[in-house]
Amino acid sequence: MNNTEIQTKLSAELAQVRQRLLDMLANSDQAYHQQLLSQLKDNPPSDWLEMTANNLGSEYQILIARIEKLEAALCQIDIGQYGYCCDCEEKIDDERLLADPASQRCRRCAP
């Protein structure tokens, strides 16, 4: 896949994950979640990570972590660093990127 195809795939997944986050908040019976949902709808998606990262419980952390990872991969494409480990700066192998195009680390540096 070329970077344009990867960017399209990552952007589509990011939109899906953001929608899942909105759906979870909409289905919550907690007033705070409804208030946050309203705030998210009034702000650009690029601000959502900051608004949610420390304000939601553990049931949201997987979605928030995925949003963070997807946004980071898209940023790497923008700056020409996509496919390189964010720790050691070595090339991430294609197999790893095919399994998860948002991979940020090579096999050696991955936790």
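- Of the possible donor and acceptor atoms, one in the side chain of Q34 sits under 3.5 Å from a partner among the backbone N and O of L25.
- Distance CD1/I79 to CG/L74: 11.5 Å, rounded to 0.5 Å.
- Minimum interatomic distance between Q7 and D78 (heavy atoms only, all atoms of both residues): NE2-OD1, 3.5 Å.
- Formation of a donor-acceptor pair under 3.5 Å by the E50 side chain with backbone atoms of D47 is not found in this model.
- Side-chain atoms of Q61 come within 3.5 Å of backbone N or O of L56 as a donor-acceptor pair.
- For the pair D42 and Q39, the minimum side-chain heavy-atom distance is 4.5 Å or more.
- L37 places a side-chain heavy atom less than 4.5 Å from the side chain of K41.
- Shown here are the salt bridge (charged side-chain N to carboxylate O under 4.0 Å, His left out) partners of R18, two or more places apart in sequence or in another chain: E71.
- Annotation: N54, atom CG; neighbour count of heavy atoms from other residues, nucleotides and ligands within 6.0 Å does not exceed 12.
- Distance OG/S46 to CG/L14: 10.5 Å, rounded to 0.5 Å.
- Looking at residues two or more places apart in sequence or on another chain, you find a salt bridge (charged side-chain N to carboxylate O under 4.0 Å, His left out) between R107 and D93, E95.
- Across every non-hydrogen atom of W48 and N43, the tightest pair is NE1-O, 3.2 Å.
- The shortest heavy-atom contact between R96 and A110 is NH2-CB, 3.0 Å.
- With E89 contributing its side chain and Y84 its backbone, the two residues share no donor-acceptor pair below 3.5 Å.
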side-chain contact (heavy atoms from CB on, under 4.5 Å) for I92 and R105? Distances and angles first, verdict last. CA-CA 7 Å; I92 299 171; R105 291 178 174 78; 5.7 Å; no
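- Distance OG/S11 to CD1/I77: 7.5 Å, rounded to 0.5 Å.
- Transitive grouping of hydrophobic side chains (ILVMFWY, heavy atoms separated by less than 4.5 Å) brings L40 and L49 into a common cluster.
- Taking the side chain as every heavy atom from C-beta outward, C86 and Q76 approach each other to under 4.5 Å.
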Run the numbers on R66 and I62 for side-chain contact (heavy atoms from CB on, under 4.5 Å), then give the verdict. CA-CA 6 Å; R66 189 63 184 167; I62 291 173; 5.6 Å; no
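- Among residue pairs with one or both ends in residues 51-81, those qualifying as ring pair (Phe, Tyr, Trp, His ring centres under 6.0 Å) are H33-Y60; sequence neighbours excluded.
- The side-chain heavy atoms of L63 and T52, taken from C-beta on, include no pair separated by under 4.5 Å.
- Closest approach of G83 to L97, counting heavy atoms only: CA-CD1, 3.8 Å.
- Under a hydrophobic-cluster definition in which Ile, Leu, Val, Met, Phe, Trp and Tyr are linked whenever side-chain heavy atoms come within less than 4.5 Å, directly or via other members, M51 and I64 are assigned to the same cluster.
- When all heavy atoms are compared, the tightest approach of C106 to C88 is SG-SG, 3.7 Å.
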